[in-house]
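What follows is a short report on a single structure.
Proteins come first, then strands; the chains are lettered A, B, ... in the order of their sequence lines, and each starts at number 1.
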Number of protein chains: 2
Amino acid sequence: MPREKYTKDQLVDAAFEIACESGFEQLTIRNIAKHLGSSIAPIYVNFNDLEELKEAVIRKAVEINKKILSEQDSGDPFLDVGIASVLFAKRYPRIYDEVVIKNDKSYQGQAENEKLIINQMKKDQQLASFSDDDLRLLLLKMQALQAGLSLLARKEAYKDMLDDSKIIKILDETGVDVLDGMIRRQTAADMAEK
Amino acid sequence: MPREKYTKDQLVDAAFEIACESGFEQLTIRNIAKHLGSSIAPIYVNFNDLEELKEAVIRKAVEINKKILSEQDSGDPFLDVGIASVLFAKRYPRIYDEVVIKNDKSYQGQAENEKLIINQMKKDQQLASFSDDDLRLLLLKMQALQAGLSLLARKEAYKDMLDDSKIIKILDETGVDVLDGMIRRQTAADMAEK
DNA sequence: CTTGATATATATCATATGATATATATCAAG
DNA sequence: CTTGATATATATCATATGATATATATCAAG
């Protein structure tokens, strides 16, 4: 082998840093090379094209998200997912933009994914009395809350207002509130029926 | 004057359509000219540069948002704003991406804007007992809900699940739930104090 | 030491893009 | 009808970008 080698990891790390600081649209071969202190050659030795490198950056982001999730321990697995997502958005706002917002691929297999979650929800005693439609509505509300909080946490203006513990508190509280509301409305509807 | 003239409006409309269908990144002088059936000349006669035209497109989007808002009549002005925002995101997803998500300018004067809203909230009897911090928290939760629902409504996968009436229903219900939750927690805290 | 392989650097190409210079067509003013 | 103004079309420029061809440097195998 020749002298030294820029590894795939080095390239992905450099690209990830650029994307973090300046956004995905700044991922040009020349920017990456400059950031690495090399020419553009290492890019094409390690990847077939720039697109492949970008995909590797996204895979790295997914890994980081998984790591953040694994560090959560609120007791409720659903809440954990929500917390991890918002924390990721806050810590890597520009990556979040690319992965979550632009990525419409995520809705491939979204229908099956929903079914899986609904089935998981059915195992929860508290949710036993809900119909499938109600569960889907509850899930939608929760997803909206999480997505919205991510969107806000991602913005500079909210950074100081939304420290990690506050994010967890808000997600927890509103989650409980929405669930309570659905239970209350259901019992009210039951009453009215009789 | 020479024969015919491509008006500013014609140019903005053409650009708006391109942005709607293909996204803001497709707003190139040649794309706009092609869509208009002209050369690139009319662009530079009517605007100093492409950036000016893009700003005009964003102004048009803001106008449309205002129009949608003016058509709302839920009884609650806050809810109206939320509904209008989500409906806009659903109808013009790619414009929403540009205006709401990318636009970090919106957080200029965000602090003053928040104060205005908080003062408005204080006029509401139901919210009279809340401290400023509580009101800010309530506002944040509502904003998160609205932003998140917009984000979901914008996606193809949710289009059929989120018709207009359902959007209104969800915003209304969750708004009530979150407020109820905050009231409940406050009274619980008051109890504990005594 | 020689040779082949390959990582790297550099020059270069093709293409896309915003912008401008120039020519042409059209119309109003006189 | 002539003239000036200007909307439009076209050619062209400068720059950015992804990609490739080529030369060079380095190292392992023999």
Proximity to the side chain of B:D49 - top-ranked nucleotide from D:dT8, D:dT17, C:dA19 = C:dA19
Find the distance B:I43:CD1 to C:dT17:C1' and express it as a whole number of Å.
-> 12 Å
Minimum heavy-atom distance A:I18-A:Q26, with the two atoms named | CG2-O, 3.8 Å
Of the nucleotides D:dT20, D:dA7, D:dA9, which has the atom closest to the A:Y44 side chain?
-> D:dT20
B:Y6 OH to D:dT8 P: how many Å, rounded?
-> 7 Å
State the pairing partner of D:dA9; accept Watson-Crick or G-U wobble contacts with both distances under 3.5 Å, and report none otherwise.
-> C:dT22
Distance (rounded to the nearest 0.5 Å) between A:N119 CG and A:L135 CG = 9.5 Å
Between B:I40 (CD1) and C:dA16 (C1'), how many Å, whole number?
-> 13 Å
Worked verdict on A:D133 versus A:R136 for salt bridge (charged side-chain N to carboxylate O under 4.0 Å, His left out) = CA-CA 5 Å; A:D133 270 352; A:R136 262 196 291 276; 2.8 Å; yes
Rounded to the nearest angstrom, tell me the gap between atom CZ in B:R30 and atom P in C:dA19.
-> 11 Å
Contact class for A:L27 vs. all strands (heavy atom < 4.0 Å): base, sugar-phosphate, or nothing?
-> sugar-phosphate
Rounded to the Å, how far apart are B:N48 CG and C:dG18 C1'?
-> 14 Å
Which residue lies toward the 5' end of DNA chain D, B:G37 or A:T28, if each is placed at its nearest nucleotide?
-> B:G37
So does B:K67 pair up with B:E71, basic N to acidic O under 4.0 Å?
-> yes
Length of the line joining B:E25:CD and C:dT17:P, which is rounded to integer Å | 11 Å
Is the centre of the B:Y96 ring less than 6.0 Å from the centre of the B:Y92 ring?
-> no
Specify the separation, in whole Å, of atom CG of B:L50 and atom P of D:dA16.
-> 17 Å
Can you tell me the distance, in whole Å, between the CD1 atom of B:I29 and the C1' atom of D:dT12?
-> 12 Å
Under a 3.5 Å limit on both distances, the Watson-Crick or wobble mate of C:dT17 is D:dA14
Find the partner of C:dT2: check Watson-Crick (N1-N3 plus N6-O4 or O6-N4) and G-U wobble (N1-O2, O6-N3) distances, both under 3.5 Å, and reply none if neither fits.
-> D:dA29
Between B:S39 and A:K54, which is nearer to the 5' end of DNA chain D once each is assigned its nearest nucleotide?
-> B:S39
